[in-house]
Trainee: 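Here's a structure for you.
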There are 2 protein chains.
Amino acid sequence: MNQHVNLVLTGRWLVSMDGNEPLEEEGISVAVAGDRIAEIGLNLACKYPQAELLTCPQGLIMPGLINSHSHAAMSCFRGLADDLPLMDWLTQHIFPREAQLTKEIVYQSTLLSLCEMIKSGTTCCNDMYLFTQEVARAATDAGMRAWIGEGFFDFPSPCYGELENGFAYVEELFKAYKANDLITITVTPHSVYTCSPPLLQRAAALAEEKQALLHIHLAETMSEVSGCMEQYGCSPVQHLEQLGLLNERVVIAHGVQISEEEIALLAKRKVKVAHCPESNMKLASGMAPVQAMFNQGLTVGIGTDGSASNNDVDMFSEMSTAAKLQKVRDLDPTALKADAVLQAATMGGAALLRADAEIGSIKAGKKADLIMLNMNQPHLTPCYQPISHLVYAAKGSDVVHSVINGQVVMRDRQLTTLDELTIIEEMRKIGEIVLRMH
Amino acid sequence: MNQHVNLVLTGRWLVSMDGNEPLEEEGISVAVAGDRIAEIGLNLACKYPQAELLTCPQGLIMPGLINSHSHAAMSCFRGLADDLPLMDWLTQHIFPREAQLTKEIVYQSTLLSLCEMIKSGTTCCNDMYLFTQEVARAATDAGMRAWIGEGFFDFPSPCYGELENGFAYVEELFKAYKANDLITITVTPHSVYTCSPPLLQRAAALAEEKQALLHIHLAETMSEVSGCMEQYGCSPVQHLEQLGLLNERVVIAHGVQISEEEIALLAKRKVKVAHCPESNMKLASGMAPVQAMFNQGLTVGIGTDGSASNNDVDMFSEMSTAAKLQKVRDLDPTALKADAVLQAATMGGAALLRADAEIGSIKAGKKADLIMLNMNQPHLTPCYQPISHLVYAAKGSDVVHSVINGQVVMRDRQLTTLDELTIIEEMRKIGEIVLRMH
């Protein structure tokens with residue numbers, strides 16, 4: 001591989017998430033050839049002097065974080081309306097504005113979130129929203145690895161209008177991104193309370209045909225559960241089971257209001273869960289039983305949800321909250337340990353996307369999705385256990401370099417694919433439009 | 001005052017916390033004369049051209065955050081042992097090492113936390129630990145405003161040995177810092193489970209004599225409550241009440257395991273509460289009923305606790321967690337709104353310290369404890385409501401300038417009073433000592 005290595009990252013710590021313990025050694029390096037990791041070793045810059053070098057004397061190299069559930073474009077609603085009852089927030093502030101969204105707003109708002117994601121260590125997201133062509137365009141511009149789906153529901157969409165057009169829209173997406181390195185299309189019926197059983201089944205058939213992920217909000221709130229009981233006589237998990245929809249390609253976001261038996265069923269069906277603790281807290285949805293999910297062998301990823309209900313897309317903050325929330329939920333300080341959380345945010349997310357052979361850890365032959373943190377900071381000194389620091393002390397702002405699919409997307413905290421200040425400027429104008437919408 | 005203004009801060013937003021709404025106006029400025037705020041107005045740099053200028057075109061000026069409960073020196077234990085049962089953590093990892101602490105370790109570890117505090121927007125802390133002379137020395141070096149107390153307990157201390165010496169040590173502290181601008185000495189019996197009733201009463205008498213704060217851990221865990229019930233036949237709050245110790249100079253840290261009746265009693269006695277949500281989560285202590293405390297008119301501040309159980313001293317993260325945790329605790333998204341949390345972290349902290357006439361808000365005549373955030377960032381754009389962003393989206397790393405008692409302690413994220421890189425270097429060596437202690 002010698003002749004192909006074109007990028008070397010060199011630091012002091014390596015947290016590979018490939019089953020090996022964290023390493024601390026001066027000059028520890030990862031060499032990248034094209035879009036893949038070529039080699040892990042010491043002082044590889046000497047071995048590959050022609051390669052571009054990303055370095056940091058007290059740097060920690062790790063796999064990029066995987067955001068398992070996001071609505072990137074919702075950055076245009078961040079801080080617009082907080083601390084409200086859920087239905088007021090949705091029906092008075094979010095839904096009326098979402099109905100007026102445009103391609104341009106979604107594109108710019110997604111770009112903004114992608115800036116934020118890259119600047120806080122995320123190299124891959126599993127996004128679900130509207131105007132997916134625009135989300136895909138923004139992800140392509142950013143060089144972000146993204147799984148993306150267009151929301152289906154029983155009512156018309158601001159993107160595609162009537163549902164029939166929605167399926168045509170998604171067919172086009174599958175065609176356009178069939179062999180794309182970065183973008184993977186998913187099928188995303190919104191939820192059991194916004195999608196009738198026939199719609200859910202049609203979406204599942206499409207996912208089956210395309211062998212795509214089926215990504216759906218499920219068991220997020222108590223009112224969703226009681227509504228489902230009332231309408232279908234069973235819980236949301238049971239409802240999908242009865243419709244025959246649960247399988248290894250299904251990703252459920254939230255899974256907050258869920259029983260031990262349902263966890264066992266999800267494990268049996270190999271369904272994956274995207275855990276979004278900060279959104280669940282802020283919307284007062286509840287605390288998902290994540291340790292119980294781990295105990296039953298479920299694959300769990302970590303997600304931020306949209307920044308209207310979080311209010312950020314910072315996976316470092318989300319990891320810290322996930323670990324702490326589970327401990328206080330279970331009244332057990334040993335619940336959801338740091339290594340389990342970091343696993344969920346890297347290899348767990350990769351497995352949730354059925355891409356763990358390609359991303360989620362640092363291993364020769366895998367895709368080069370890598371970040372480096374500068375550990376030479378008061379809040380990360382001394383460093384007894386790097387994994388503890390990554391989960392409990394590190395901040396998104398500690399990430400100095402980021403590489404996605406072999407491309408350097410951030411160098412010394414400067415974005416290379418996106419013009420951050422122009423995006424911020426554009427977003428201010430969109431903020432004025434969004435305010436006037438109401 | 002014209003002739004005395006020596007510092008001007010100019011930005012775009014002003015969140016004064018003095019009862020007025022946030023202001024957005026280009027050129028909004030705060031002028032400082034010596035240690036006090038002299039004037040609030042537009043483009044004050046033109047009016048005071050001789051003054052030093054701290055500026056940021058998209059800057060937000062606000063009062064510095066007040067950390068109502070910290071153990072700054074515990075930074076030397078951060079990440080040393082996580083995810084353990086509380087008693088294992090304390091008895092196997094923390095207590096044996098605390099017994100071997102030295103002046104130098106406490107001094108350096110406190111300096112490190114003070115770097116972190118300043119870099120994340122804190123301008124005042126209420127610290128309780130060991131070797132208080134060293135803590136005070138570090139705070140003086142940093143230019144940090146600090147309330148500081150030396151821990152009392154029934155067993156010997158690594159600082160002063162036998163208890164009798166402890167009271168002499170604290171007398172010396174009161175003398176040394178009697179008329180200090182930045183340092184205020186408090187009386188800090190550790191807790192009801194480490195202090196006998198006579199010790200608690202002696203500490204309270206000293207606090208009474210000095211008119212000092214009495215700062216104590218109280219009702220932190222269920223085991224503390226059950227232990228107190230067993231030993232004294234009543235809860236920790238009732239225990240202090242029966243001893244006649246509850247009054248307006250008492251600050252209790254945590255207040256997690258506490259009933260509505262006890263909240264009413266604390267309100268009646270004008271006791272203040274330092275709420276430490278992240279530590280309470282990480283140690284699985286529980287979720288303090290903070291909204292209920294507000295409802296009953298209690299004064300509540302926000303604290304980080306030590307970074308061994310948090311694992312940081314970042315008040316922006318703590319505010320965000322406080323708001324979200326209360327919502328999920330009460331299953332009510334309207335609980336602990338952003339403005340209430342920001343109030344708790346500024347004026348609430350100031351009132352808890354009985355210093356709200358001097359600090360906690362931006363008002364002419366008050367002490368100049370000010371920070372400025374750079375809002376020109378993806379995660380803070382657009383800005384519909386500055387207070388929402390400060391609580392839910394801003395990060396400690398967004399703080400660019402910081403002023404304490406009129407002194408610029410950070411300019412463009414560079415510390416001016418402390419040599420950050422040397423402190424980090426020293427702290428690495430201390431980390432090696434701490435590791436070998438076991």
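Proteins get letters first, then strands, A, B, ... in listed order; numbering begins at 1 in each. Note that these values count all heavy atoms, side chains included, but never hydrogens, waters or copies made by symmetry.
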Trainee: What's the verdict on side chain to side chain contact (heavy atoms under 4.5 Å, CB included) for A:Lys119 and A:Arg413, showing C-alpha distance, side-chain angles and the deciding distance?
Mentor: CA-CA 7 Å; A:Lys119 294 192 85 178; A:Arg413 288 204 67 68; 3.7 Å; yes
Trainee: So for B:Ser75, is it side chain, backbone, both, or neither that comes closer than 4.5 Å to the heavy atoms of chain A?
Mentor: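 Only the backbone of B:Ser75 comes within 4.5 Å of chain A.
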Trainee: As an exercise: rank A:Ser307, A:Cys76, A:Cys383, A:Ser120 by heavy-atom pairs under 4.5 Å with chain B and give me the winner.
Mentor: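 Of the candidates given, the most pairs with chain B belong to A:Cys76.
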Trainee: Determine whether A:Leu373 and A:Trp13 make a side-chain contact, defined as any pair of heavy atoms from C-beta on separated by less than 4.5 Å.
Mentor: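 A side-chain contact is absent here, since even the closest heavy-atom pair is not under 4.5 Å.
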Trainee: With only heavy atoms counted, which part of B:Gln58 is less than 4.5 Å from chain A, the side chain, the backbone, both or neither?
Mentor: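 Contact with chain A involves the side chain of B:Gln58 alone.
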Trainee: Atom OG1 in A:Thr334, atom NZ in A:Lys327: separation rounded to 0.5 Å?
Mentor: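 It is 7.5 Å, given to the nearest 0.5 Å.
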Trainee: So which of A:Gly431, A:Ser285, A:Ala284, A:Pro382 has the largest heavy-atom pair count under 4.5 angstrom toward chain B?
Mentor: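 Looking at each of A:Gly431, A:Ser285, A:Ala284, A:Pro382 in turn, A:Ala284 comes out on top.
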Trainee: Taking every heavy-atom pair that is under 4.5 Å apart, which of A:Ile423, A:Leu421, A:Leu331, A:Leu380 has the most such pairs with chain B?
Mentor: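 The answer is A:Leu331.
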Trainee: Working to the nearest 0.5 angstrom, can you tell me the gap between A:Cys276 SG and A:Glu318 CD?
Mentor: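 Atom-to-atom, A:Cys276:SG and A:Glu318:CD are 6.5 Å apart.
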Trainee: Is a side-chain N or O of A:Gln257 found less than 3.5 angstrom from the main chain of A:Ala219, in a donor-acceptor match?
Mentor: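 Such a contact is absent between A:Gln257 side chain and A:Ala219 backbone.
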Trainee: Does a salt bridge link B:Arg78 with B:Asp312, judged by any charged N lying under 4.0 Å from a carboxylate O?
Mentor: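 Not counted as a salt bridge, because no side-chain N and carboxylate O are separated by less than 4.0 Å.
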Trainee: Select, from A:Ser109, A:Ala335, A:Pro333, the one with the greatest count of heavy-atom pairs under 4.5 Å involving chain B.
Mentor: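 With the most close heavy-atom pairs to chain B, the winner is A:Pro333.
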Trainee: I need the B:Thr304 OG1 to B:Asn67 CG distance, nearest 0.5 Å.
Mentor: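 So the OG1 of B:Thr304 and the CG of B:Asn67 are separated by 3.5 Å.
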Trainee: Please report the interatomic distance OG(B:Ser309) to CE(B:Met281), rounded to the nearest 0.5 Å.
Mentor: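 The OG atom of B:Ser309 sits 12.5 Å away from the CE atom of B:Met281.
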Trainee: Tell me which of these, B:Lys282, B:Glu116, B:Gln326, B:Arg329, has more heavy-atom pairs under 4.5 Å with chain A than the rest.
Mentor: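 Greatest number of close heavy-atom pairs with chain A: B:Lys282.
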Trainee: Evaluate whether atom CD of B:Glu26 has more than 12 neighbouring non-hydrogen atoms of other residues, nucleotides or ligands under 6.0 angstrom away.
Mentor: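 At most 12 heavy atoms, drawn from other residues, nucleotides or ligands, come within 6.0 Å of this atom.
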Trainee: Would you please say whether a donor-acceptor pair under 3.5 Å links the side chains of A:Gln343 and A:Asp339?
Mentor: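 No pair is found: no donor N or O on one side chain lies under 3.5 Å from an acceptor on the other.
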Trainee: Could A:Lys429 and A:Glu432 be called an ion pair, given the rule that one side-chain N must be under 4.0 Å from one carboxylate O?
Mentor: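 Salt bridge flag = no for A:Glu432 with A:Lys429.
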Trainee: Under 4.5 Å from any heavy atom of chain A, what part of B:Gln385 do you find: side chain, backbone, both or neither?
Mentor: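 Both backbone and side chain.
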Trainee: Which region of A:Asn280, side chain (C-beta onward) or backbone (N, CA, C, O), has a non-hydrogen atom less than 4.5 Å from a non-hydrogen atom of chain B, or is it both or neither?
Mentor: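 When you check distances to chain B, only backbone atoms of A:Asn280 fall under 4.5 Å.
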Trainee: Can you tell which of B:Asn376, B:Leu325, B:Asp88 has the highest number of heavy-atom pairs within less than 4.5 Å of chain A?
Mentor: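 Among B:Asn376, B:Leu325, B:Asp88, the one with the most close pairs to chain A is B:Asn376.
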Trainee: Among the options A:Thr321, A:Asn310, A:Ile430, pick out the one with the most heavy-atom pairs lying under 4.5 Å from chain B.
Mentor: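 When all of A:Thr321, A:Asn310, A:Ile430 are compared, A:Asn310 has the most.
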Trainee: What part of A:Asp330 gets closer than 4.5 Å to chain B, counting heavy atoms only: side chain, backbone, both or neither?
Mentor: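 Contact with chain B: none, neither part.
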Trainee: Could you look at A:Lys395 and say if it's the side chain, the backbone, both or neither that has a heavy atom under 4.5 Å from chain B?
Mentor: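 Contact with chain B is through the side chain of A:Lys395 alone.
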Trainee: With respect to chain B, which residue among A:Ser388, A:Gly286, A:Pro378 yields the maximal number of heavy-atom pairs within a distance under 4.5 Å?
Mentor: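 Winner by heavy-atom pair count: A:Pro378.
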Trainee: Under 4.5 Å heavy-atom distance to chain A, tell me which part of B:His379 shows up: side chain, backbone, both or neither.
Mentor: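 Both the backbone and the side chain of B:His379 come within 4.5 Å of chain A.
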Trainee: Chain A heavy atoms under 4.5 Å from B:Leu112: which part of the residue, side chain, backbone, both or neither?
Mentor: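 Both backbone and side chain.
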Trainee: Does any heavy atom of chain B fall under 4.5 Å from the side chain of A:Asp332, the backbone, both, or neither of them?
Mentor: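 The backbone, not the side chain.
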Trainee: Can you tell which part of A:Ala323 gets under 4.5 Å to a heavy atom of chain B, answering side chain, backbone, both or neither?
Mentor: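 Interface part for A:Ala323: neither.
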